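Input: a single structure, listed below in structure tokens.
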Amino acid sequence: MTRDQSYQLVTSMLTNPNLVKHCLAVEAIMVEVCEYLQDKHPELSSQEFDKEEWGLVGLLHDADYEVTNKDLETHTDVIVGKLQELKESERLIKGILAHHSLKKPVRDNLMEKAIYCIDELAGLITACALVQPEKKLSSVTVESVMKKFKQSSFAAGAKREQIKASEEELGIPLEEFVRISLRAMQKISGQLGL
Ligand SMILES: [Fe+2]
């Protein structure tokens, strides 16, 4: 599946523009983190770091969030069914499942670990932008995200443990993870409307 086809699928399934933007944010961060980790792991096969695949996992991960009525029991069933019909790779499908620990509690590779941590950080960074007077990502700093990270009542839905798992699962210190992710989202701020 090409990136264009994936984008069409996502926008045909999601009516809430904020959910589409969330998928775009996670896609952008996945690509940035993929590049970062590839540099850090010259010993791993380049197949581990297929940027396009990492991006597709990010873009598609929440595609069925509305059609499954945000029901965590069924979330991912519909998108996975569609991808299986289209004979998409098991690696892509497992990557999508990996953001949902009810469906895939064990994460087997860096791409799966990345989507798990990135999903929640994208939400926290978006919330950080929305509390700025101009609601712009350009006003968000790594320091401000770190401060909000520590305030558990702020954007309480963004699971801090899952974000901080970047340290153990990806070997990326939290502050570095925030820096990479914020930069990725700032690059597409126009598309994110932030
Ligand atoms: Fe998500």
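All values reported here derive from a predicted model rather than from experimental measurement. Atoms within a ligand are numbered from 1 in the order they appear, just like the ligands themselves.
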Audit row: His100, Asp119, side-chain contact (heavy atoms from CB on, under 4.5 Å) steps and yes/no: CA-CA 10 Å; His100 191 6; Asp119 191 12; over 6 Å; no
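- With hydrogens and angles ignored, the 3.5 Å screen pairs a side-chain donor or acceptor of Glu88 with a backbone N or O of Met1.
- Closest to the Fe ion (ligand 1) among the N, O or S atoms of Asp62 is OD2.
- Here the two rings, on His61 and His22, have centers that are under 6.0 Å apart.
- A donor-acceptor distance shorter than 3.5 angstrom exists from the side chain of Arg91 to the backbone of Glu48, with no hydrogens or angles considered.
- The N, O or S atom of His22 with the smallest distance to the Fe ion (ligand 1) is NE2.
- Angle OD1 (Asp119) to the Fe ion (ligand 1) to NE2 (His61): 100°, rounded to 10°.
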